[in-house]
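Heads up, the thing below is written out as structure tokens.
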Amino acid sequence: SPSSLDALLNPTTTLEHWDSSLLSTEKVEKLIEGRKVATSLQTYNFLRLEYKLTNITLLKNNFADVVRNFDSTVSFSSEEIDKLSNVNLHTLQYKKLLPFINPDAIKGATKLHFIVASLERRDPLVNVDMAIAAILNKNVDYQKRLGVFLSYIDSISFDLIATCLL
């Protein structure tokens with residue numbers, strides 16, 4: 001509408017939520033790139049539900065503001081991990097995301113570059129469950145899986161060692 005357009009042209013206006021039937025994913029991506037979408041947790045979750053993976057675009061374009069709003073309810077899915085692997089964040093930014101990575105999502109992800117790199121460094125934010133999930137993920141290069149396994153072998157129970165070797 002004309003009033004909506006006027007609001008969007010105002011440099012201080014950001015959208016918090018809207019009727020998802022009104023805007024296509026491509027238009028929402030443009031609004032995110034133009035910094036017209038609020039960086040609140042509510043908006044992040046709205047994008048996640050209504051516009052698949054646009055929440056990762058919001059995160060990439062407004063990293064500090066978005067992560068500042070994260071709480072214990074935030075957990076990345078396998079698809080989101082895959083997209084995160086392709087957005088070329090800085091190593092320190094990826095490190096800030098590690099607490100929001102669910103080991104179950106690691107098992108289904110196909111691109112785990114930043115997680116495997118953190119595992120190889122034995123980053124203190126990475127837990128053993130994440131290491132095991134990466135070891136069991138057949139999408140991770142065999143040599144990298146073996147390296148992670150050997151790095152964490154002292155933290156893995158005997159039963160899980162047997163599972164990892166199967």
Side-chain angles (χ1 to χ4, degrees), residues 14-18 20 23 25-26 28-141 144-157 160 163-164:
T14 56
L15 299 174
E16 193 73 36
H17 52 81
W18 55 89
S20 59
L23 294 174
T25 301
E26 294 78 24
V28 171
E29 291 273 354
K30 293 279 187 201
L31 289 171
I32 292 169
E33 289 169 10
R35 301 200 185 274
K36 289 297 182 181
V37 176
T39 58
S40 68
L41 183 58
Q42 177 185 1
T43 304
Y44 176 87
N45 287 328
F46 171 76
L47 291 172
R48 186 174 196 221
L49 293 174
E50 299 296 328
Y51 297 95
K52 197 171 189 119
L53 299 176
T54 58
N55 58 313
I56 303 301
T57 305
L58 180 69
L59 174 66
K60 177 187 179 246
N61 290 347
N62 305 280
F63 189 86
D65 292 335
V66 173
V67 172
R68 184 178 311 121
N69 293 315
F70 278 6
D71 63 15
S72 62
T73 64
V74 175
S75 181
F76 295 108
S77 69
S78 298
E79 290 176 307
E80 291 168 330
I81 290 171
D82 290 343
K83 184 160 182 179
L84 280 169
S85 292
N86 289 329
V87 296
N88 298 321
L89 296 174
H90 188 277
T91 303
L92 294 175
Q93 290 174 312
Y94 280 124
K95 186 174 180 169
K96 287 185 181 198
L97 299 179
L98 291 175
F100 305 102
I101 304 290
N102 182 327
D104 289 334
I106 292 173
K107 291 176 187 174
T110 58
K111 299 172 184 148
L112 297 164
H113 312 298
F114 73 96
I115 295 172
V116 171
S118 296
L119 288 166
E120 290 174 327
R121 288 190 309 271
R122 284 218 52 157
D123 193 297
L125 294 175
V126 176
N127 61 42
V128 175
D129 293 334
M130 292 172 75
I132 292 167
I135 293 165
L136 295 174
N137 186 319
K138 303 296 183 199
N139 293 311
V140 177
D141 177 71
K144 295 219 180 260
R145 287 180 17 223
L146 182 59
V148 170
F149 175 74
L150 293 174
S151 293
Y152 284 85
I153 196 163
D154 60 332
S155 304
I156 302 174
S157 71
L160 284 174
T163 302
C164 291

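Residues take their numbers from the sequence shown, with the count starting at 1.
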[X] side chain vs [Y] backbone, donor-acceptor pair below 3.5 Å:
| X | Y | result |
| --- | --- | --- |
| S85 | K111 | yes |
| Y94 | L84 | yes |
| Y51 | L23 | yes |

With heavy-atom distances below 4.5 Å as the criterion, would you say the side chains of [X] and [Y] are in contact?
| X | Y | value |
| --- | --- | --- |
| N86 | K83 | no |
| L98 | M130 | yes |
| N139 | L112 | no |
| N69 | Y44 | no |
| L58 | T54 | no |
| K52 | T25 | no |
| R145 | C164 | no |
| L41 | T73 | yes |

Check [X] against [Y] and note the closest heavy-atom contact, atom names and distance.
| X | Y | value |
| --- | --- | --- |
| K107 | N137 | O-ND2, 3.3 Å |
| V37 | L47 | CG1-CD1, 4.1 Å |
| S78 | D104 | OG-O, 4.5 Å |

Just verifying a value: how many Å separate [X] [atom1] and [Y] [atom2], rounded to the nearest 0.5 Å?
| X | Y | atom1 | atom2 | value |
| --- | --- | --- | --- | --- |
| Y152 | R122 | OH | CZ | 5.0 Å |
| S77 | I101 | OG | CD1 | 9.5 Å |
| L97 | I81 | CG | CD1 | 10.0 Å |
| D123 | R121 | CG | CZ | 5.5 Å |
| L146 | I153 | CG | CD1 | 9.5 Å |
| T39 | D65 | OG1 | CG | 4.5 Å |

(message) For a quick check under 3.5 Å, do N62 and R35 share a side-chain donor-acceptor pair by atom type?
(response) yes
(request) Indicate whether the side chain of D129 and that of N127 have a donor and an acceptor atom separated by less than 3.5 Å. (result) no
(request) Kindly indicate, with the supporting measurements, whether the criterion side chain to side chain contact (heavy atoms under 4.5 Å, CB included) is fulfilled by F70 and K96. (result) CA-CA 11 Å; F70 278 6; K96 287 185 181 198; over 6 Å; no
(request) Report the residue from L136, V128, I135, I132 that forms a side-chain contact (heavy atoms from CB on, under 4.5 Å) with L160. (result) I132
(message) Exactly one of V126, I106, V140 should register a side-chain contact (heavy atoms from CB on, under 4.5 Å) with L119. Which one does?
(response) V126
